[in-house]
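Below is one structure; the comments refer to it alone.
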Amino acid sequence: MTFDVEKYKTFYECEEHWELRKLFMETHKDRFAEDELVCLAQVFTNVELLGCKYPQETMQLVLELSKDLAVNYRDSRADKLKRTFVAASNAAASRYAHKK
């Protein structure tokens, strides 16, 4: 089954993120129904770009489908500033420890 992947680009999506999601859809568009593939591609980008977590079965499927797709993106991000999320309680404890 083939469909026009381009129709799924959103106006607020930066080109780099769209290219990653588009690559996922183009790579697998003959293996899944359109609606399922669109969802899987969004899960993939949510995991890759935002660090989202999903049920284990979903994570495993997306990991298998994307094992070679994200390499170039990850390599391009290797030297970029990375965000680190810390629980508020840990941040407060760290701040308190520095004041002593």
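Throughout, numbering of the chain's residues begins at 1 and tracks the sequence.
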Side-chain contact test, heavy atoms from C-beta onward, threshold under 4.5 Å: evaluate it for K53 versus V47 and give yes or no.
-> no
Looking at K29 and L37, what are the two nearest heavy atoms and their distance?
-> CA-CD2, 3.3 Å
Can you tell me if CD on E57 sees more than 12 non-hydrogen neighbours from other groups inside 6.0 Å?
-> no
State, with a plain yes or no, whether a side-chain heavy atom of L20 is found less than 4.5 Å away from one of L49.
-> yes
Which residues share a ring-ring contact (aromatic ring centres under 6.0 Å, His included) with F24, sequence neighbours left out | H28, F44
Residue pair E19 / K22, side-chain heavy-atom distance below 4.5 Å = yes
What one should report as the nearest heavy-atom pair of Y8 and M25 is CB-CE, 4.0 Å
Who passes side chain to side chain contact (heavy atoms under 4.5 Å, CB included) against K7, sequence neighbours left out?
-> D4, E34
So, for Y54 and M59, which heavy atoms are closest and what is the spacing to 0.1 Å?
-> O-CG, 3.2 Å
Is L63 linked to F32 within one hydrophobic cluster, defined over Ile, Leu, Val, Met, Phe, Trp and Tyr using a side-chain heavy-atom separation of less than 4.5 Å?
-> no
Is the backbone N or O of V62 less than 3.5 Å from a side-chain atom of S66, with the two atoms forming a donor-acceptor pair by type?
-> yes
Distance (rounded to the nearest 0.5 Å) between L69 CG and E48 CD = 9.5 Å
Rounded to the nearest 0.5 Å, what separation is found between the CG atom of L40 and the OG1 atom of T58?
-> 8.0 Å
Side chain proximity check, H17 to T45, heavy atoms < 4.5 angstrom | no
